[in-house]
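Below is one structure, written out as structure tokens; comments come after it.
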Amino acid sequence: MIAQRIAALRRIMKREGWDAVVIPGSDPHSSEYLPARWQQRQFMTGFTGSYGVVVITPTHAGLWTDTRYFIQFDKELAGTEYVLHKLRVPDAVSPSQWLGTNLPAGGAVAIDGSCMSVAEVEELRAAIHPQGGRIADRPDFIDELWPDRPATPDAPVWVLADQYTGRSAADKLSWLRGEMAARQADAMLISSLDDVAWMLNIRSADIDYTPVAIAYLLVTKADATLFLSLDKVQTADVQSHLAALNCRVCDYGTVAAAVASLPAGTRLWVDGGTLNYALYGCAIQHLGSGVMSAPLPIRLAKALKNDTELTGYRRAYLKDGIVQTKLFKWIEETLAAGTPLNEMDIADKQIALRREQGEYIDESFAPISAWGENAALPHYEPSHEVCSEVHPKGLFLLDSGGHYLHGSTDITRTIPLGPLTDLEREDYTLVLKGMIGLATAVFPRGTRGANIDVLARIPLWKALRNFGHGTGHGIGHVLCVHEGPQDLRQNVYDQAMLPGMVTSDEPGLYREGMHGVRHENVILCRELEKNEFGDWLGFETLTCTYIDPTPVLPELMTDEEKAWLNHYNEYVYIRLLPYLDEDEKRWLRSKTIDAQL
């Protein structure tokens with residue numbers, strides 16, 4: 001099937017005079033996780049990872065992805081023509097750079113400009129320009145290959161109440177118009193789905209695990225227009241909510257016409273890093289130099305959580321602590337009874353336990369429930385059709401999260417299911433040391449994520465080990481579980497860590513064919529104190545799930561690290577006690593207070 005699709009695309013390339021085709025892994029809104037309609041990369045390759053770009057020429061088919069998916073590529077694309085091009089490794093060559101070298105002089109590169117950002121297309125253009133290369137923009141060209149392509153999703157929109165957001169949509173729009181006035185902008189076109197949802201305090205279910213609606217938002221000095229499927233806003237409460245904001249609703253497909261009908265001389269603010277190239281071209285054609293491309297202020301404002309949101313996160317992590325205590329106890333007792341258990345049994349049980357907590361919406365991403373060698377794939381996703389049995393030995397890794405009305409979670413625990421090898425215990429301990437190192441960081445205001453990422457890696461580096469993914473990402477509030485602008489990774493991003501940012505702390509270690517270890521807590525950046533040397537910041541741990549100390553090699557831990565782990569587990573035990581029955585209390589005590597190092 002994959003070979004047939006590549007061959008069919010090459011026939012189109014020959015007919016159209018294209019020398020290469022770029023198939024991105026995004027949608028018109030630069031989303032990371034995609035509705036079925038825009039799973040073009042998966043359709044052409046069979047690759048299910050959340051990150052990657054495909055380039056096809058008459059003689060080459062390549063997939064560019066990062067270290068999270070190298071092993072997954074080998075498993076999913078074995079036997080196909082596709083060649084892996086590694087990103088985020090030393091001397092990596094990007095798709096644009098590769099085309100700049102391999103495209104014939106004067107060659108044409110076909111793209112779907114509705115699914116690539118302005119920044120991505122400009123990078124590609126700059127790479128192929130020296131060879132006289134040109135870009136052929138053909139939105140939705142894949143329709144010819146994909147006759148049963150899914151439609152745009154149309155899940156209903158609902159309103160997230162102010163009691164959960166802590167800030168009304170009217171207040172957000174007033175603030176945004178102030179930002180626009182400061183930049184002398186008459187209008188702003190918002191295309192990132194989580195930005196639209198955050199601005200209007202609306203949510204939907206157009207993307208699995210991500211409660212957003214497929215929509216654009218155009219804000220002017222006087223009013224706003226929401227572009228989405230009209231079937232999504234049929235309820236009276238949503239209609240009255242938008243009417244109170246003086247926000248019209250127009251069909252999703254009319255956004256380009258609305259941009260083209262803006263009065264001459266309008267100064268339109270867009271973000272070329274996220275706005276798709278096709279819609280940007282429409283704006284440029286109509287407004288010319290009136291289009292101002294710069295990052296929108298929404299992304300940073302969204303990342304700085306208010307007190308109501310932070311209270312909601314704490315409630316969410318308390319609920320997850322209850323859930324995972326019950327879950328891990330159930331796993332241990334089920335295995336001890338000799339009852340068969342597989343990875344999806346565990347994932348399903350956790351979802352059922354989350355539902356019991358109340359105010360639950362959905363999982364925040366597909367659960368990574370992985371035993372043994374499956375845990376060596378950082379983004380392994382089992383299914384009911386394909387998953388492994390779990391046995392009472394080795395390490396089990398569970399990375400999951402939930403959306404509650406009041407907050408979202410993301411947590412990873414690696415737990416022992418039985419006897420461990422010395423190497424498993426050593427890896428477990430080194431990764432834990434890294435997580436603690438970052439959680440206890442103290443740093444001056446202005447510090448970037450790349451400046452402190454090393455704290456999570458030092459214990460591994462000293463043992464000549466490493467992990468390829470980032471150490472931490474922002475966590476959206478009932479939005480995308482991966483949120484910027486802050487990032488904890490070796491790549492340098494020009495965004496300081498600021499009080500109010502909620503970020504994951506998740507170092508790992510993966511041994512192909514053997515095991516994987518990841519420990520993840522979520523941490524809140526907060527002010528510590530000011531003195532003559534600066535304004536000092538640190539982290540508060542929000543996650544409230546115990547960390548099993550029994551696999552730890554105590555001789556590898558410092559006294560400070562042992563004290564942190566003992567204190568953390570004691571805090572978890574005390575915090576969860578009112579919500580557990582007597583048997584659960586005894587079990588959790590055996591994993592925390594009675595197991596102190």
Side-chain angles (χ1 to χ4, degrees), residues 6 9-10 13 16-27 30-32 40-42 44-45 47 49-74 77 80-139 141-142 271-278 280-281 293 295 450 453 466 468-470 484 487 489-494:
I6 295 173
L9 178 57
R10 284 177 173 151
M13 292 169 61
E16 299 292 332
W18 300 339
D19 299 284
V21 171
V22 175
I23 300 172
S26 192
D27 62 8
S30 294
S31 304
E32 178 183 10
Q40 302 174 77
R41 178 186 55 216
Q42 182 174 343
M44 284 301 302
T45 65
F47 176 71
S50 66
Y51 176 74
V53 176
V54 174
V55 175
I56 294 178
T57 73
T59 58
H60 184 81
L63 173 69
W64 278 254
T65 191
D66 66 21
T67 54
R68 294 171 295 172
Y69 298 114
F70 293 168
I71 300 173
Q72 185 170 329
F73 174 94
D74 291 338
L77 276 68
T80 72
E81 180 184 342
Y82 282 102
V83 174
L84 173 63
H85 294 260
K86 296 182 177 182
L87 294 174
R88 294 178 181 170
V89 297
D91 303 318
V93 176
S94 72
S96 295
Q97 291 170 327
W98 187 88
L99 281 167
T101 301
N102 291 276
L103 190 72
V109 179
I111 66 168
D112 179 346
S114 70
C115 290
M116 292 182 70
S117 71
V118 179
E120 290 169 332
V121 176
E122 291 306 318
E123 178 188 345
L124 174 59
R125 191 192 308 277
I128 66 175
H129 177 73
Q131 288 75 38
R134 61 185 178 86
I135 291 174
D137 182 11
R138 299 289 191 276
F141 69 79
I142 204 164
D271 183 355
T274 56
L275 182 64
N276 71 70
Y277 178 75
Y280 178 78
S293 179
D453 173 85
N466 200 8
H469 56 74
D487 220 348
R489 61 172 63 246
Q490 293 181 276
N491 310 64
V492 178
Y493 292 98
D494 190 23

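Counting from 1, the numbers follow the sequence of the chain as shown.
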Side-chain donor-acceptor pairs under 3.5 Å in residues 98-109, sequence neighbours left out?
| residue | atom | partner | partner atom | Å |
| --- | --- | --- | --- | --- |
| Thr101 | OG1 | Gln97 | O | 3.4 |
| Asn102 | ND2 | Trp98 | O | 2.8 |

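Residues satisfying the side-chain hydrogen bond (donor to acceptor under 3.5 Å, both in side chains) test with Asp91, not counting sequence neighbours, are none. Under the rule for a side chain to side chain contact (heavy atoms under 4.5 Å, CB included), the partners of Ile142 that lie at least two apart in sequence or sit in another chain are Gln40, Phe43, Met44, Leu145, Trp146, Arg149. Remark: Asp271 pairs with no residue by the salt bridge (Lys or Arg N to Asp or Glu O under 4.0 Å) rule, at least two apart or across chains. Contacts of His60 classified as side-chain hydrogen bond (donor to acceptor under 3.5 Å, both in side chains), with partners at least two apart in sequence or in another chain: His85. Glu81 pairs by the salt bridge (Lys or Arg N to Asp or Glu O under 4.0 Å) definition with Arg10, not counting sequence neighbours. Applying the side chain to side chain contact (heavy atoms under 4.5 Å, CB included) rule to Asp137 yields the partners Ile111, Pro139, Tyr277, Ala278; only residues at least two apart in sequence or on another chain are considered. By the side-chain hydrogen bond (donor to acceptor under 3.5 Å, both in side chains) test, Arg134 is found to be paired with no residue, residues two or more places apart in sequence or in another chain being considered. Ser50 is linked by a side-chain hydrogen bond (donor to acceptor under 3.5 Å, both in side chains) to Tyr69, counting only residues two or more places apart in sequence or in another chain.
Within the structure, every pair that satisfies the salt bridge (Lys or Arg N to Asp or Glu O under 4.0 Å) test and touches residues 50-72, not counting sequence neighbours, is listed here: Asp66-Arg68, Asp66-Arg88. Residue pairs meeting the side-chain hydrogen bond (donor to acceptor under 3.5 Å, both in side chains) criterion with at least one member in residues 16-27, sequence neighbours excluded, are Asp27-Ser31. The stretch residues 104-132 participates, sequence neighbours left out, in these salt bridge (Lys or Arg N to Asp or Glu O under 4.0 Å) pairs: Glu122-Arg125.
A pairwise comparison of heavy atoms in Ala92 and Leu87 identifies CB-CA, 4.0 Å as the closest pair. Taking both residues in full, the closest heavy atoms of Pro95 and Val55 are given as CB-CG2, 4.0 Å, listed atom of the first, atom of the second, then distance. The shortest non-hydrogen separation linking Val21 to Met13 is CG2-CG, 3.6 Å. Residues Thr57 and Ala20 approach most closely at CG2-CB, 4.0 Å, considering heavy atoms. Heavy atoms only, all atoms of each residue included: Leu63 and Leu77 are closest at CD2-CD2, 4.2 Å.
For the pair Leu9 and Phe141, the minimum side-chain heavy-atom distance is below 4.5 Å. You'll find the side chain of Val121 stays beyond 4.5 Å of the side chain of Tyr280, heavy atoms only. Ile128 is listed as a side-chain neighbour of Ile135, based on a closest heavy-atom distance under 4.5 Å. Between Asn491 and Tyr493, some side-chain heavy-atom pair lies under the 4.5 Å cut-off.
Separation of atoms CD1 (Ile23) and SG (Cys115) is listed at 11.0 Å; rounding is to 0.5 Å. Here the straight-line distance linking atom OG1 of Thr80 with atom CZ of Phe47 works out to 11.5 Å at 0.5 Å rounding. Rounded to the nearest 0.5 Å, atoms OG (Ser114) and CG (Asn276) are 6.0 Å apart.
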Worked verdict on Lys86 versus Trp64 for side chain to side chain contact (heavy atoms under 4.5 Å, CB included): CA-CA 6 Å; Lys86 296 182 177 182; Trp64 278 254; over 6 Å; no
Verdict with reasoning, Ser117 to Thr274, per side chain to side chain contact (heavy atoms under 4.5 Å, CB included): CA-CA 5 Å; Ser117 71; Thr274 56; 5.8 Å; no
Candidate pair Gln72 and Thr65, rule side chain to side chain contact (heavy atoms under 4.5 Å, CB included), full reasoning: CA-CA 10 Å; Gln72 185 170 329; Thr65 191; over 6 Å; no
Stepwise side chain to side chain contact (heavy atoms under 4.5 Å, CB included) test for Met116 and Val22: CA-CA 10 Å; Met116 292 182 70; Val22 175; 4.2 Å; yes
